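Notes follow once the structure below has been shown.
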Amino acid sequence: MGAKTMTTQYDAIIIGTGQAGPSLAARLANSGRKVAIIERKLFGGTCVNTGCIPTKTMVASAYAAHMVRRAGDFGVVTGTDVSVDMKRVKARKDQISGKSRTSVEGWLKHLANCTVYEGHARFESASVVQVGDLRLTAPQIFINVGGRASIPEMPGIDQVPYLTNSSMMGVDFLPRHLVIVGGSYIGLEFAQMFRRFGSEVTIIEQNSRLIQREDEDVSACIKEILEDEGIHVRLNAKCIAVSKPEDEIVAHAECETGDPEIAGSHLLMAVGRTPNTGDLGLENTGVLMDKRGNIEVDDFLRTSAPGIWALGDCNGKGGFTHTSYNDFEIVAANLLDKDERRVTDRITAYALYIDPPLGRVGMTEAEVRKSGRKALVATRPMTKVTRAVEKGETQGFMKIFVDAETKRILGAAILGTGGDEAIHSILDVMYAKAPYTLIQRAVHIHPTVSELIPTMLGDLKPL
Ligand SMILES: Cc1cc2nc3c(=O)[nH]c(=O)nc-3n(C[C@H](O)[C@H](O)[C@H](O)COP(=O)(O)OP(=O)(O)OC[C@H]3O[C@@H](n4cnc5c(N)ncnc54)[C@H](O)[C@@H]3O)c2cc1C
């Protein structure tokens with residue numbers, strides 16, 4: 001950087017336009033501050049371009065295909081074989097995701113007091129950020145750089161064409177056999193949707209069950225749901241190498257049972273996420289990271305360097321769109337509203353968008369047991385939920401844990417039709433810090449999945 005390069009002064013610099021950056025830029029700019037926001041690739045980041053929005057759009061196409069195949073179950077007569085036009089699936093996805101991207105871009109570019117820079121941002125010091133040939137400085141800098149698919153080092157990985165959640169977005173054809181390394185949230189969503197599009201699908205998971213983070217009964221039920229649709233699930237199989245003999249791709253697994261060579265036409269790596277913090281020049285700032293590259297933050301999302309905050313996936317505190325957006329709310333409330341909001345105010349909540357979906361809040365059963373507290377549990381299969389029966393979607397179950405002394409809800413899982421929505425009545429009561437009896441006295445609408453939550457709570461038993 002030449003000595004003559006001008007440095008432009010701002011009140012705030014935001015790096016990344018994910019789920020926290022743009023809203024924070026708008027709040028800061030609307031409060032009269034001079035703001036710079038920097039994006040090196042696609043406006044809107046992961047959720048909008050390669051994460052939630054496009055995948056859930058594709059999940060919807062896959063659900064449509066599934067329901068057409070099941071039409072006879074409902075007395076509906078359809079034509080011959082169902083086939084999926086992947087070019088149209090992709091076009092629909094591109095249209096919906098593209099609209100979100102251009103809307104974020106347009107919003108930022110027309111925002112008064114805000115300047116948009118397109119390029120890679122790198123810290124030169126704790127208060128100076130370089131973008132190409134430009135230098136920007138501000139007393140407050142907010143990092144919202146997100147993450148990317150982790151690619152483990154293994155023999156052959158450099159020689160074999162593999163897909164990630166990002167390159168999957170370009171797939172406009174039907175893979176003959178999609179081999180997915182990683183049986184967690186991202187892997188499972190792609191597995192079911194491509195099976196429903198018509199691909200043969202194999203999931204390779206090194207652990208003894210799918211989505212290890214969930215309880216065993218949840219993992220087992222999800223495995224059954226996926227296997228019922230013809231997905232091959234290989235557990236206790238650690239992918240240790242990949243190769244490409246002729247027109248196949250082979251994943252080599254360390255396993256005690258089953259074939260150690262799993263061949264397919266395409267390979268998707270879905271083994272976790274890596275924060276985009278390695279090329280930010282953080283070594284010039286005093287911002288500390290943990291072993292995984294997550295930026296260390298306190299309860300207010302302040303990093304170890306004064307004047308620098310980290311929001312979203314790069315701080316390792318959430319990993320979801322709603323947690324990244326909540327990070328924005330926390331920072332804005334503390335800086336602009338004199339409202340002391342904290343990360344620890346947040347209750348764990350997320351969904352897995354296979355069909356039927358899994359809605360999750362609070363602690364798992366394993367976490368409740370580990371906590372050693374006296375707890376109560378109630379469960380209900382979806383076969384005993386009228387709405388699920390009427391819809392012909394009775395897979396799954398729900399369960400809930402309550403503290404035996406305080407009567408507060410500790411956690412819940414709804415794996416079943418509408419589970420991603422119904423879980424919110426539980427979540428809101430948890431936020432209200434109210435006893436579970438509040439839900440029991442509420443009159444829920446019939447027929448819904450939610451109406452059985454009070455009924456289920458009537459069956460609480462010691463855990
Ligand atoms: C396949 C998939 C499905 C998902 N589904 C869901 C879901 O259903 N629900 C849910 O809640 N979450 C889901 N997620 C997670 C969700 O997408 C992320 O948690 C969310 O996008 C939050 O990201 P973020 O705000 O931290 O940053 P991101 O959205 O990742 O954005 C970071 C931005 O920073 C930019 N950037 C990075 N480094 C620099 C730099 N040095 N200079 C300039 N710009 C930079 C990047 O280009 C990017 O645009 C999914 C993720 C994946 C991969």
Side-chain angles (χ1 to χ4, degrees), residues 13-25 36-60 93 97 100-101 104-105 108 116-123 129-132 134 136 141-150 163-169 180 182 184-191 193 268-282 293-295 297 301 309-328 331 348-354 357-360 420:
I13 297 172
I14 297 167
I15 306 175
T17 65
Q19 290 301 308
S23 301
L24 186 61
I37 188 162
I38 310 160
E39 174 53 58
R40 70 177 177 192
K41 216 169 167 192
L42 299 175
F43 285 85
T46 309
C47 176
V48 164
N49 299 290
T50 58
C52 338
I53 293 181
T55 55
K56 267 81 258 184
T57 305
M58 291 164 80
V59 162
K93 181 266 295 174
S97 155
S100 287
R101 176 171 58 249
V104 174
E105 182 171 355
L108 290 172
V116 174
Y117 291 89
E118 291 183 60
H120 175 77
R122 199 167 187 285
F123 282 92
V129 172
Q130 211 181 298
V131 193
L134 305 172
L136 320 177
I141 303 181
F142 304 90
I143 306 173
N144 179 217
V145 291
R148 61 185 185 281
S150 306
L163 293 154
T164 65
N165 69 289
S166 299
S167 47
M168 282 303 279
M169 297 298 114
I180 302 177
S184 199
Y185 306 88
I186 293 173
L188 298 192
E189 290 181 8
F190 278 116
M193 74 173 88
L268 167 63
M269 298 301 292
V271 294
R273 309 278 300 164
T274 302
N276 291 326
T277 49
D279 52 4
L280 257 183
L282 289 179
N294 292 315
I295 297 175
V297 289
L301 301 162
W309 286 254
L311 302 86
D313 287 7
C314 68
N315 66 26
K317 296 269 182 201
F320 298 101
T321 278
H322 44 280
T323 49
S324 178
Y325 186 78
N326 181 233
D327 283 359
F328 142 67
V331 169
T348 302
Y350 54 85
L352 162 69
Y353 291 92
I354 58 159
L358 168 70
R360 273 268 305 112
D420 52 333

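From a predicted model like this one, the values you see are computed outputs, not experimental measurements. As the structure lists them, so they are numbered: ligands from 1, and atoms in each ligand from 1.
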Is ligand 1 under 4.0 Å from a heavy atom in the side chain of [X], in the backbone, in both, or in neither?
X	answer
Asn144	both
Asp279	neither
Ser324	side chain
Ile186	side chain
Arg122	neither
Tyr185	neither

Mark up the atoms of ligand 1 that fall under 4.0 Å of a heavy atom belonging to Gly119, in ascending order.
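Those qualifying, in numeric order: 42 (N), 43 (C).
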Quick one: which ligand 1 atoms are inside 4.0 Å of a heavy atom on Asn165?
1 (C), 53 (C)
Testing Asn276, Thr274, Asp313 one by one against Arg148 for a side-chain hydrogen bond (donor to acceptor under 3.5 Å, both in side chains), which residue passes?
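Filter result, single survivor: Asn276.
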Any N or O of [X] closer than 3.5 Å to N or O of ligand 1:
X	answer
Glu39	yes
Cys314	no
Gly319	yes
Arg40	yes

On the 0 to 90° scale, with breaks at 30° and 60°, tag the Tyr350-Tyr185 ring pair as parallel, tilted or perpendicular.
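Answer is perpendicular, since the angle exceeds 60°.
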